[in-house]
There are 2 protein chains.
Amino acid sequence: MSEAGTDAVVPPELQRLWRRQPAGRRGPRPALSVDRIVQTAVEIADAEGLAAVSMARVADALGFTPMALYRHVSGKDELLALMADAVPGPPPPIPADLGWRDALELWTRSQIELAMTRPWYLDLPLSSVTPGPQRAAWLEAAFYAMRDLALPADEKMAIAGLLAQHVLGETRVQVESRRTAVQRVRRAAGLGDDVPDSELDPEALAAAHPYADFELILTRLASPEEYPYLAGALASWEPSPGGEPSSDDEIAFGVGVVLDGIEAWVARRGAGTA
Amino acid sequence: MSEAGTDAVVPPELQRLWRRQPAGRRGPRPALSVDRIVQTAVEIADAEGLAAVSMARVADALGFTPMALYRHVSGKDELLALMADAVPGPPPPIPADLGWRDALELWTRSQIELAMTRPWYLDLPLSSVTPGPQRAAWLEAAFYAMRDLALPADEKMAIAGLLAQHVLGETRVQVESRRTAVQRVRRAAGLGDDVPDSELDPEALAAAHPYADFELILTRLASPEEYPYLAGALASWEPSPGGEPSSDDEIAFGVGVVLDGIEAWVARRGAGTA
DNA sequence: TAAACAGTGTAGACGGCATAAACAGTTTAG
DNA sequence: CTAAACTGTTTATGCCGTCTACACTGTTTA
């Protein structure tokens, strides 16, 4: 009886997000389900990007009318929110003997890697803070990673939030710079937008580092008088030994810096473990 | 002559972004300009959100046909990119006597404040890494802030990038949690989506803190067995003295942690100043 | 001075999009 | 057996970005 009583309070979109459909039903058994809809939407996004995900497209892939989807999902916004929770998958198992810092690093890097294999994840309007089952599982993993830290819950939450933010930011930068590199290579080769990424020359892609536009801009468009320090930076820019820094290096830098900052905080609070 | 020669290499969308239109023209003098278009687009977004910005809407506000815009802008994507560069405005003046850390903090916080007054900024597809004149000016300011730091240019760039990332992430969290709070208050009051934010009860809004959904989820939807650490965190959650942490506190936490991390990096590189 | 031409704005149309309303069929509750 | 609840379909609306063809206006050039 607490079931029915509590369910009444939970808004319907949350019930759908957590897949809590009331059991006693009446009409015909549905041929469609939230899960099937979300899954094919994700497949379309994987194959052709988020822009290709439309109600009509998803319905078509399932062999239904567009309007059929609306019986299971309140609209496209909700579909996107459902995709956002579905996509990250379960968090990686965190070895029990890992210290909080290593554990958090694992947690963070897993997310970055995940998002980078699904670039369209960043195109989702991260509309809601409210977690679904998957994001809750990730959060659970973060709290597990910090279980030995003597910090109040709200501070742990802030730390997890900070790292999650960093994941999004870092991934965005990586994905964007890859996109512009792709674009540049494509244009240099005189190819259209319809050529798939896979056919682009991987060497040229590796060479097209993201700051290439910078030089062009600062030499051709921006006067050094207006941007003296930027111009100076460009002038002193020296190719690092062994070529441009890889994206791995950049990711390691960001994660390391943020974790250093967290470590400083932990130390200041005297919350570390022996 | 170097002018013409170089201009030929710069792609047209970059020329528009930097407002470099070739001088010697032929046809009738244009009644419209990139600047006017971008400006009214920004005005519409300020008033009604980014979703209200459509080609037709912008053209209408200017008293032109939708297609007229396409003479000055290659399409909607480019318009959005132009808005992205136009919106941040000039960076704040950085006092010359500020140390690098304080200067970077000023730089970072200014951006956060700016973005929070223009929530739709986060809705923009940050499609391009390539900076326009305004973003270049912000970058210039960052390099100015770090002028006394003995670090190679690429590391300074990485630091600026990390902070810029953090700005986006932090602002996103703030804006989103505000949006969900607004939504919650609206629903609680039984109001529709058409009620403007300004008419919402500010007290109720302040009370609707972003983690409110958490409790609901963990008590009604998620079993504590599946999310033990999360449940534990919720159980030990104690209202901090003086109410929920304000958004100022949260922002300070994030910026502080990241800067601590950067400071650790700088110290490790032995690049700090006396 | 006249013809060629590049550039600017307009008119109309197209296909795609999210979604609203009305309806017919199906299963269960009473 | 009837009423109610539910699922999927049909049809239609209005908005969107953008393509094409066109008329007009200045400048450049012959």
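Below, each value reflects all heavy atoms present in this structure, side chains not excepted, and no hydrogens, waters or symmetry copies. So that the names make sense, note that chain A is the first sequence line, chain B the second, and so on, each numbered from 1. None of the values given here were measured: they were computed from a predicted structure.
Side-chain N or O atoms of A/Asp85 include one that pairs as donor or acceptor with a backbone N or O of A/Arg135 at under 3.5 Å. A side-chain donor-acceptor contact under 3.5 Å links A/Tyr227 to the backbone of B/Pro133.
Protein atom CG of B/Asp60 is 12 Å distant from nucleotide atom P of D/dC15, rounded to whole Å. For A/Phe64 and D/dT7, the CZ to C1' distance is 10 Å, given to the nearest whole Å. B/Leu79 has its CG atom 12 Å from the C1' atom of D/dG17, to the nearest Å. Rounded to whole Å, atom P of D/dG17 lies 15 Å from atom CD of B/Glu78. One interatomic measurement links the two molecules: CE of B/Met55 to P of D/dG17, which rounds to 6 Å at whole-angstrom precision. With rounding to whole Å, B/Ile37 atom CD1 is found 12 Å from C/dT8 atom C1'. Atom pair A/Leu80:CG and C/dA18:P shows a separation of 9 Å (rounding to whole Å applied).
For A/Lys76, counting side-chain heavy atoms from C-beta on, the closest listed nucleotide (C/dT28, C/dA18, C/dT10) is C/dA18. Out of C/dT8, D/dT18, C/dG9, the shortest distance to the side chain of B/Ala68 is found at C/dG9. Closest approach to the B/Ser54 side chain among D/dG17, D/dG8, C/dG9 is made by D/dG17 (side chain taken as heavy atoms from C-beta onward). If you check C/dT8, D/dC16, C/dT19 against the side chain of B/Pro30, the one that comes closest is C/dT8.
At a cut-off of 3.5 angstrom, counting only N and O atoms as typed in the model, there is no donor on one side facing an acceptor on the other between the side-chain of B/Arg26 and the base of D/dG26.
Place B/Ala52 and B/Arg29 on DNA chain D by their nearest nucleotides, and B/Ala52 ends up nearer the 5' end.
The partner of C/dG25, taking Watson-Crick or G-U wobble pairs whose two distances both stay under 3.5 Å, is D/dC6.
Residues B/Pro88 and B/Gln134 come closest through the heavy atom pair CG-CB, 4.4 Å. Closest of all the heavy-atom pairs between B/Trp138 and B/Gly89 is NE1-O, 2.8 Å.
Proximity of B/Arg57 to the phosphate of D/dC16: no side-chain N or O atom is located under 4.0 Å from OP1 or OP2. Note on B/His72: every side-chain N or O is 4.0 Å or more away from OP1 and OP2 of C/dG7. The side chain of B/Arg71 places no N or O atom within less than 4.0 Å of a non-bridging phosphate oxygen (OP1 or OP2) of C/dT10.
If you check every strand for non-hydrogen atoms under 4.0 Å, A/Tyr70 touches a base. Using a 4.0 Å heavy-atom criterion, one finds that A/Met67 contacts the bases of the nucleic acid, with or without backbone contacts as well. Heavy atoms of A/Thr65 sit under 4.0 angstrom from at least one base atom.
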Go through A/Ser223 and A/Glu226 one step at a time and tell me if the side chain to side chain donor-acceptor pair (under 3.5 Å) criterion holds.
-> CA-CA 6 Å; A/Ser223 67; A/Glu226 266 182 294; 3.3 Å; yes
